[in-house]
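Whatever order the structure lists ligands and atoms in, that order sets their numbers, starting from 1. Note: hydrogens, waters and symmetry copies are ignored here, and every other heavy atom, side chains too, is used.
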Amino acid sequence: MNTEKIREIFIRFKKNNPHPTCELNYKTPFELLVAIILSAQSTDKGVNRATEKLFAIANTPEKIQALGEAELKKHIQTIGLYNMKAKNILKLCAILIERYDAKIPRDRDVLETLPGVGRKSANVFLNTIFHEPVIAVDTHVFRVANRTKIAEGKNVKVVEEKLMQVVPDEFKVFAAHWLVLHGRYICKAKKPNCPECFIGDLCEFEQKTPPNSD
Ligand code: SF4
């Protein structure tokens, strides 16, 4: 896709939603990082339902550590992979308390070494809390980038690198949010809503959903 079209797509994303935000609920950086860990292969809505009650009683590394594994699991058992996620969150709390004064370091390399935090999670965290111009590639971003041909690639690393090259700097901070929301609500995995897509005339997907296709 040429650069003019890419720019126009992001102009429309911005016009449609000038200040997009992460759909995970959080009040502190620690709450966001826990929510990000819980959101792997789970919906933001499901995570928000669980964290609303969890964070009301434990929203710091010390408090979650005091809660203990069994109690933590009770709060997150509606979320997929909760056993592994509970273990990772407790390990995360221990590391933050022991090495980082119970605070989350603003350092990509350190973030990526924390239990349950990979490159995508580190990008979401740095982008959401510090507004760093990085683009986290999740399943929605990957799909939308490939379908539209904004940034094609066989794996998330390639798509992330291409997005960082082709997305104009002025749009980078919100780029992942726009692409996630577009993928979640319009360019859905099973049946993209092409007839109502506001970037449909620019998108280069060959198999667009035709109008009246119900
Ligand atoms: S036109 Fe269809 S395939 Fe292209 S971005 Fe819009 S919903 Fe997705």
Q: Any idea which atoms of ligand 1 are less than 4.0 Å away from a heavy-atom of Cys203?
A: 1 (S), 3 (S), 4 (Fe), 5 (S)

Q: Classify the angle between the aromatic ring planes of His177 and Phe174 as parallel (below 30°), tilted (30 to 60°) or perpendicular (above 60°).
A: tilted

Q: Strictly under 2.8 Å, is any N, O or S atom of His182 next to atom 6 (Fe) of ligand 1?
A: no

Q: In terms of the angle between their ring planes, are Phe130 and Phe125 parallel, tilted or perpendicular, with boundaries placed at 30° and 60°?
A: perpendicular

Q: Does Asn127 use its side chain to pair, donor to acceptor, with the backbone of Val173 at less than 3.5 Å?
A: yes

Q: I need the nearest protein heavy-atom contact for atom 3 (S) of ligand 1: residue, atom name and distance, please.
A: Phe205 CD2, 3.4 Å

Q: Quick one: nearest non-hydrogen protein atom to atom 2 (Fe) of ligand 1, plus distance?
A: Cys194 SG, 2.3 Å

Q: Can you confirm whether the side chains of Asn59 and Glu31 place a donor and an acceptor under 3.5 Å from each other?
A: yes

Q: Given Thr148, Val144, Asn146, identify the one with the heavy atom nearest to atom 5 (S) of ligand 1.
A: Thr148

Q: Are Ile57 and Val34 linked, directly or through other ILVMFWY residues, by side chains that come within less than 4.5 angstrom of each other?
A: yes

Q: Considering only heavy atoms, which of Pro192, Pro195, Gly200, Gly183 lies nearest to atom 7 (S) of ligand 1?
A: Pro192

Q: Would Arg147 pass as a cation-pi partner of Phe205, given that its NZ or CZ must be under 6.0 Å from the six-membered ring centre and within 45 degrees of the axis?
A: yes

Q: Considering only the protein, which heavy-atom contact is closest to atom 6 (Fe) of ligand 1, and what is its distance?
A: Cys197 SG, 2.4 Å

Q: With a cut-off of 2.8 Å, does Cys187 place any N/O/S atom under that distance from atom 8 (Fe) of ligand 1?
A: yes

